[in-house]
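Step one of this worksheet: look at the structure below.
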Amino acid sequence: MDVTTDANAPWLIVGLGNPGSEYAMNRHNVGFMVVDLLAGRVGGRFKRAQKAQAQVVEGRIGAPGPENRRVILAKPMSFMNLSGGPVNALREFYKVPTAQVVAVHDELDIDYGVLRLKLGGGDNGHNGLKSMTKVMGSGYHRVRFGIGRPPGRMQVADFVLRDFSSAERKELDFFVDRAADSVECLVTEGLERAQSAYNS
C-alpha cells in the first residue's frame, strides 16, 4: 500500500457525488456538501478543471507555519460510478501521491452523522470508491460519513439517491461542518490525530 507522503505535494480532497441540481441534497452527495463547505473556508469558487472531468478549487488549509498545506478540492463531474477517471487525472496532473488523496463519501454501514477516517481498505459496495480503487489502487484516505441503512425493504439505490429526511436535515449542517473539520485535521495533523478526535 502506498503510504508515501510528500510535504511539497498538495493534498487532493475529493468529494464524491453526482452532478446536477436534482442530486444536490441526496444522501449520496454528502461528499460534495463537505468539499463545498471547505471551498468556502479557503475562499475559493469551483471552476472547471483543465485536465479532468471535474470542478476544482485550489487553496491552503491550516495556520501559517509548518502545518499549512496546499490542497486541491475536487468534485468529479462524471457521475459516481465513473469517479476514478477524473480523480486519477487530477492526481497525475497535480503530482499527488496516492496517500495524499482523500475521498469524502457516504457510508451505509455507519449510523447517520457518525464519522470514520481511515487509510486504504475495501470499497464496501460503494461505486465511487470501487471506481477510484480500480484506477489508482486502494492506498488513499477515506472520510466516511455515516448515512445509516435504508428503512424496511427500501432498496439501497433508492435510499442513497433520496434526499436527507426533514429530521436528518435538522442536524445535517452540524455533521457536514464536523466532517470538514476532520478533513482539515487529517491534512494538517495526520490520520492518527484525526481518528482520535473524530472517529466516534
Side-chain angles (χ1 to χ4, degrees), residues 8-65 67-80 82-97 99-107 113 115 117 128-129 131-132 140-147 163-164 168-169 171-191 194 197-198:
N8 295 315
W11 284 72
L12 176 59
I13 315 299
V14 180
L16 294 180
N18 288 308
S21 58
E22 67 269 36
Y23 300 106
M25 290 304 296
N26 285 182
R27 294 181 177 92
H28 223 16
N29 269 42
V30 73
F32 276 17
M33 297 174 198
V34 174
V35 294
D36 281 340
L37 179 58
L38 286 167
R41 290 183 181 183
V42 303
R45 296 184 63 150
F46 280 98
K47 61 184 179 183
R48 184 178 297 179
Q50 292 182 330
K51 302 292 184 179
Q53 189 180 358
Q55 291 185 350
V56 295
V57 167
E58 298 183 42
R60 302 194 77 87
I61 285 176
E67 291 183 353
N68 189 259
R69 298 284 184 267
R70 181 175 167 229
V71 295
I72 314 299
L73 306 172
K75 296 190 291 187
M77 293 287 112
S78 57
F79 288 96
M80 182 69 83
L82 298 173
S83 299
V87 173
N88 199 48
L90 290 170
R91 186 187 68 80
E92 291 178 345
F93 178 71
Y94 288 106
K95 298 179 173 56
V96 178
Q100 284 174 225
V101 177
V102 182
V104 186
H105 64 92
D106 58 305
E107 178 61 62
L115 296 176
L117 285 76
L129 298 180
S131 178
M132 286 180 60
Y140 55 91
H141 287 85
R142 299 100 189 277
V143 174
R144 304 157 72 203
F145 186 110
I147 60 170
D163 288 358
F164 284 102
E168 288 169 332
R169 283 198 295 269
E171 295 182 291
L172 182 60
D173 287 348
F174 170 78
F175 289 141
V176 168
D177 193 70
R178 190 166 183 271
D181 290 346
S182 77
V183 172
E184 292 184 345
C185 185
L186 168 62
V187 168
T188 60
E189 300 183 54
L191 179 60
Y198 293 97

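Just so it is clear, the structure is predicted and the values come from calculations on it, not from any experiment.
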| task | Describe, in one word, how the ring planes of F175 and F145 are oriented to each other, choosing from parallel (under 30°), tilted (30 to 60°) and perpendicular (over 60°). | result | perpendicular
| message | Using 0.5 Å steps for rounding, measure from the CD atom of Q55 to the CE atom of M77. | response | 4.0 Å
| Would a 4.5 Å heavy-atom cut-off, applied to side chains only, mark Q50 and V56 as touching? | no
| note | CD of Q53 to CG of L82, rounded to nearest 0.5 Å, is 8.0 Å
| request: Could you go through the side-chain contact (heavy atoms from CB on, under 4.5 Å) check for R142 and E107 one step at a time? | output: CA-CA 10 Å; R142 299 100 189 277; E107 178 61 62; over 6 Å; no
| task | Please say whether the positively charged group of R178, taken as NZ for Lys or CZ for Arg, lies over the ring of F174, i.e. under 6.0 angstrom from the six-membered ring centre and within 45 degrees of the axis. | result | no
| query | Can you tell me how far the CG atom of N68 sits from the CZ atom of R60, to the nearest 0.5 Å? | reply | 4.5 Å
| query | Quick one: does Q100's side chain have a donor or acceptor within less than 3.5 Å of a partner on A9's backbone? | reply | yes
| task | Could you walk me through whether K75 and D36 pass the side-chain contact (heavy atoms from CB on, under 4.5 Å) test, one step at a time? | result | CA-CA 9 Å; K75 296 190 291 187; D36 281 340; 2.8 Å; yes
| field | Heavy-atom pair with the smallest gap, counting every atom of L12 and R91 | value | CD2-N, 3.8 Å
| message | Quick one, S182 and L117 - any side-chain contact, counting heavy atoms below 4.5 Å? | response | yes
| How about L129 and Y140: do any of their side-chain heavy atoms sit closer than 4.5 Å? | yes
| request: List the steps, then state whether salt bridge (Lys or Arg N to Asp or Glu O under 4.0 Å) holds for R41 with E184. | output: CA-CA 10 Å; R41 290 183 181 183; E184 292 184 345; 3.3 Å; yes
| Between CZ on residue F164 and CG on residue N26, distance to nearest 0.5 Å | 8.5 Å
| CD/E22 to CG/D163 distance, rounded to the nearest 0.5 angstrom? | 10.5 Å
| said: If the threshold is 4.0 Å, N to carboxylate O, is there a salt bridge linking E168 and R27? | reply: yes
| remark: Closest non-hydrogen contact found for V96 with P10 is CG1-O, 3.5 Å
| Where is the tightest heavy-atom contact between S131 and G84, given as atom of each residue plus distance? | OG-N, 2.8 Å
| field | Shortest non-hydrogen contact from L73 toward V35 | value | CD1-O, 4.1 Å
| field | Donor-acceptor contact below 3.5 Å, side chain N29 vs main chain N18 | value | yes
| request: Search all heavy atoms of V57 against all heavy atoms of A39 and return the closest pair with its distance. | output: CG2-CB, 4.1 Å
| said: Within this structure, what is the CG-CZ distance for the pair L186 and R69, rounded to the nearest 0.5 Å? | reply: 10.5 Å
| Short question: side chain of E189, backbone of A194 - any donor-acceptor pair under 3.5 Å? | no
| field | Contact check, side chains of H105 and R144, non-hydrogen atoms, under 4.5 Å | value | yes
| message | How close do D106 and M80 get, counting heavy atoms only, and between which atoms? | response | OD1-CE, 4.3 Å
